[in-house]
S.K.: 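Pasting a structure here, questions to come.
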Amino acid sequence: MKNLKHYVIAVVAAVLFSACGTTRTVPLTGRKQSLMISDQEVLSLSSQEYSKYMQSAKKSTNATNTAMVQRVGQKLANAVQTYLSNNGYANELSNYAWEFNLVQDQSVNAFCMPGGKIVVYEGLLPVTQDEASLAVVLGHEIAHAVANHSAEQMSKQIKQQYGLQIGSAVAGALGMGTNTQSIAQVIAQYGLQFRNLKYSRDHETEADRMGLIFAAMAGYDPNVAVTFWQRMAASTGSGTAEFLSDHPSDETRISNIQKKFLPEALKYYTGSSAATTTTKKSAKATRTIKF
């Protein structure tokens with residue numbers, strides 16, 4: 001009976017994991033990832049949530065800051081698309097329909113949904129203070145999208161569901177009945193959650209690295225990342241911001257940037273006189289940080 005159980009587990013696992021899923025290489029880092037949800041499924045969910053969010057959000061009335069967010073965002077998007085096109089990812093360009101919005105919210109936050117839908121909260125700007133620092137944040141968010149971190153997180157949940165299916169199949173083979181759940185349920189659970197999706201520390205570190213390179217590619221001085229993250233750490237006070245719960249510590253993040261990521265990013269930096277334009281400070285930012 002024990003041998004039969006092991007045999008059934010092996011067979012069912014092979015069937016389930018061969019039924020769907022693709023292997024992809026993350027741009028820049030070269031990391032291999034296993035994805036069990038298609039780009040079309042992720043983009044469909046993302047588009048739905050983004051539309052709902054923008055219907056309720058209030059766009060900023062500050063024309064200068066709005067133009068800055070769009071300018072910085074578009075420079076990053078252009079740099080990313082050029083890199084993808086020149087490095088074997090041209091087939092992925094159709095997944096992006098870039099859009100940049102500044103909204104009236106004093107939380108220190110920004111997010112990029114799959115497909116390139118980027119939102120910046122007004123409360124972030126007093127902390128970024130200049131275009132280069134804003135580029136560091138937006139580069140980080142865009143990196144999450146380019147690296148397909150959302151799909152990877154969802155795939156992790158699907159694999160867990162597959163584990164339940166394997167267990168149920170084994171139970172069925174042993175005459176115990178089944179209680180399987182569909183992948184669609186996992187996808188539905190993630191619908192309308194992209195803005196609050198928690199990434200792993202490894203994903204956050206990867207986004208830091210890729211985002212800094214994207215900022216450098218777009219002509220923004222990556223050296224500002226150190227002082228920006230120092231300001232960000234100070235803005236959180238003694239408490240732990242919500243978004244930091246699954247992120248590297250401030251000390252680790254800054255150390256990684258200084259010792260590992262900056263030397264690499266500087267290889268892509270050619271300089272830009274517009275990169276350090278200062279942002280006029282507005283209302284005091286709240287201490288809610290989610291990106």
Side-chain angles (χ1 to χ4, degrees), residues 60 62 65-80 98-103 105-113 116-147 149 194-199 203-236 241-244 246-248 250 253-254 256-257 261-262 265 268-269 272 274-282 285-291:
S60 174
N62 187 314
N65 286 343
T66 296
M68 177 189 65
V69 168
Q70 293 175 343
R71 179 172 60 251
V72 174
Q74 193 58 58
K75 283 185 179 180
L76 284 162
N78 291 343
V80 167
W98 302 99
E99 189 172 332
F100 310 93
N101 282 294
L102 179 66
V103 299
D105 190 314
Q106 290 309 307
S107 299
V108 182
N109 196 14
F111 61 84
C112 176
M113 291 188 183
K117 305 301 184 183
I118 299 161
V119 174
V120 176
Y121 291 20
E122 287 183 325
L124 176 67
L125 300 185
V127 183
T128 56
Q129 298 185 4
D130 55 58
E131 288 194 22
S133 296
L134 177 60
V136 169
V137 175
L138 296 188
H140 174 99
E141 292 304 318
I142 289 173
H144 278 309
V146 173
H149 285 161
F194 286 111
R195 285 185 292 127
N196 300 313
L197 186 60
K198 296 291 186 183
Y199 298 112
H203 282 173
E204 293 298 338
T205 299
E206 186 171 58
D208 280 348
R209 176 187 173 188
M210 294 174 63
L212 206 59
I213 293 175
F214 288 153
M217 287 179 176
Y220 293 102
D221 185 358
N223 285 296
V224 305
V226 174
T227 53
F228 163 70
W229 283 113
Q230 290 171 340
R231 291 196 301 274
M232 183 64 75
S235 76
T236 66
E242 179 182 350
F243 95 108
L244 292 175
D246 293 319
H247 288 51
D250 296 324
R253 165 171 267 149
I254 293 172
N256 282 337
I257 289 173
F261 305 153
L262 262 179
Y268 296 86
Y269 178 58
S272 172
T276 56
T277 301
T278 301
T279 303
K280 184 177 181 181
K281 293 185 179 181
S282 55
T286 62
R287 297 182 185 274
T288 301
I289 307 174
K290 296 182 180 179
F291 68 84

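Everything numeric in this text was worked out from a predicted model, so none of it was measured. Positions are given from 1, in the same order as the sequence printed here.
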S.K.: Could you tell me the separation between the CG atom of L125 and the CD atom of E131, rounded to the nearest 0.5 Å?
M.R.: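 L125 atom CG to E131 atom CD measures 10.5 Å (nearest 0.5 Å).
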S.K.: Who are the side-chain hydrogen bond (donor to acceptor under 3.5 Å, both in side chains) partners of Q70, not counting sequence neighbours?
M.R.: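 Residues passing side-chain hydrogen bond (donor to acceptor under 3.5 Å, both in side chains) with Q70: none at all.
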S.K.: For residues V226 and I254, determine if any side-chain heavy atom of one lies less than 4.5 Å from a side-chain heavy atom of the other.
M.R.: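 When only atoms from C-beta onward are counted, I254 and V226 do touch, with a gap below 4.5 Å.
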S.K.: Decide yes or no for W98 and I118: does some side-chain heavy atom of the first lie under 4.5 Å from some side-chain heavy atom of the second?
M.R.: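 With C-beta onward as the side chain, the pair touches.
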S.K.: State which residues pass side-chain hydrogen bond (donor to acceptor under 3.5 Å, both in side chains) with Q74; sequence neighbours excluded, sorted by chain then number.
M.R.: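 Here the qualifying residues are N78.
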S.K.: Supply the atom-to-atom distance L134 CG to Y220 OH, rounded to the nearest 0.5 angstrom.
M.R.: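 Answer rounded to 0.5 Å: 7.5 Å.
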S.K.: For the CD1 atom of I142 and the CG atom of L76, what is their distance to the nearest 0.5 Å?
M.R.: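 I142 CD1 to L76 CG: 4.5 Å, rounded to 0.5 Å.
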S.K.: Report the residues that fulfil side-chain contact (heavy atoms from CB on, under 4.5 Å) with A143, sequence neighbours left out, ordered by chain and then residue number.
M.R.: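 Expected list: A207, M210, F214.
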S.K.: Would you say N109 and L124 make side-chain contact, with heavy atoms under 4.5 Å?
M.R.: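 Answer no - side chains too far apart.
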S.K.: Check whether any side-chain heavy atom of N256 sits under 4.5 Å from a side-chain heavy atom of D208, and report yes or no.
M.R.: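 The answer is no, as the side chains (C-beta and beyond) never meet within the 4.5 Å cut-off.
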S.K.: Can a donor-acceptor pair be found, under 3.5 Å and without considering hydrogens, that links the side chain of R209 to the backbone of F261?
M.R.: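 The answer is no, because no donor-acceptor pair under 3.5 Å joins these two groups.
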S.K.: Do T128 and F228 make a side-chain contact, defined as non-hydrogen atoms from C-beta onward lying under 4.5 Å apart?
M.R.: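 A side-chain contact exists here, since the closest heavy-atom pair is under 4.5 Å.
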S.K.: How many angstroms lie between atom OG of S133 and atom CE of M232, to the nearest 0.5 angstrom?
M.R.: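 One finds 9.5 Å between OG of S133 and CE of M232.
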S.K.: Excluding sequence neighbours, so at least two apart, what forms side-chain contact (heavy atoms from CB on, under 4.5 Å) with S60?
M.R.: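 Counting only residues at least two positions away or on another chain, S60 forms a side-chain contact (heavy atoms from CB on, under 4.5 Å) with N62, T66, L102, E122.
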S.K.: Drop me the distance from K75's NZ to L138's CG, to the nearest 0.5 angstrom.
M.R.: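 It comes to 12.5 Å.
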S.K.: Please report the shortest heavy-atom distance between H203 and H149, naming the atom on each side.
M.R.: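 Here H203 and H149 meet closest at O-CE1, 3.2 Å.
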S.K.: If every non-hydrogen atom of A216 is compared with every non-hydrogen atom of A265, which pair is closest and at what distance?
M.R.: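 In this case the closest contact between A216 and A265 is CB-O, 3.3 Å.
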S.K.: Might you point out which heavy atoms bring G219 and Y269 nearest each other, and give the distance in Å?
M.R.: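 Looking at all heavy atoms of both residues, the shortest contact is O-CE1, 3.5 Å.
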S.K.: Indicate the atoms forming the closest heavy-atom contact of V137 with A110, along with that distance.
M.R.: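 Looking at all heavy atoms of both residues, the shortest contact is CG1-CB, 4.1 Å.
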S.K.: Minimum heavy-atom separation for P126 to G123, with atom names?
M.R.: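 Reported closest heavy-atom pair: CD-O, 3.4 Å.
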S.K.: Please enumerate all residues that pass side-chain contact (heavy atoms from CB on, under 4.5 Å) together with N223, with sequence neighbours excluded.
M.R.: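 Partners of N223 by the side-chain contact (heavy atoms from CB on, under 4.5 Å) criterion, ordered by chain and then number, come out as D221, L262, L266.
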S.K.: Side-chain donor-acceptor pair under 3.5 Å between E204 and H140, yes or no?
M.R.: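 Yes - a donor-acceptor pair under 3.5 Å links their side chains.
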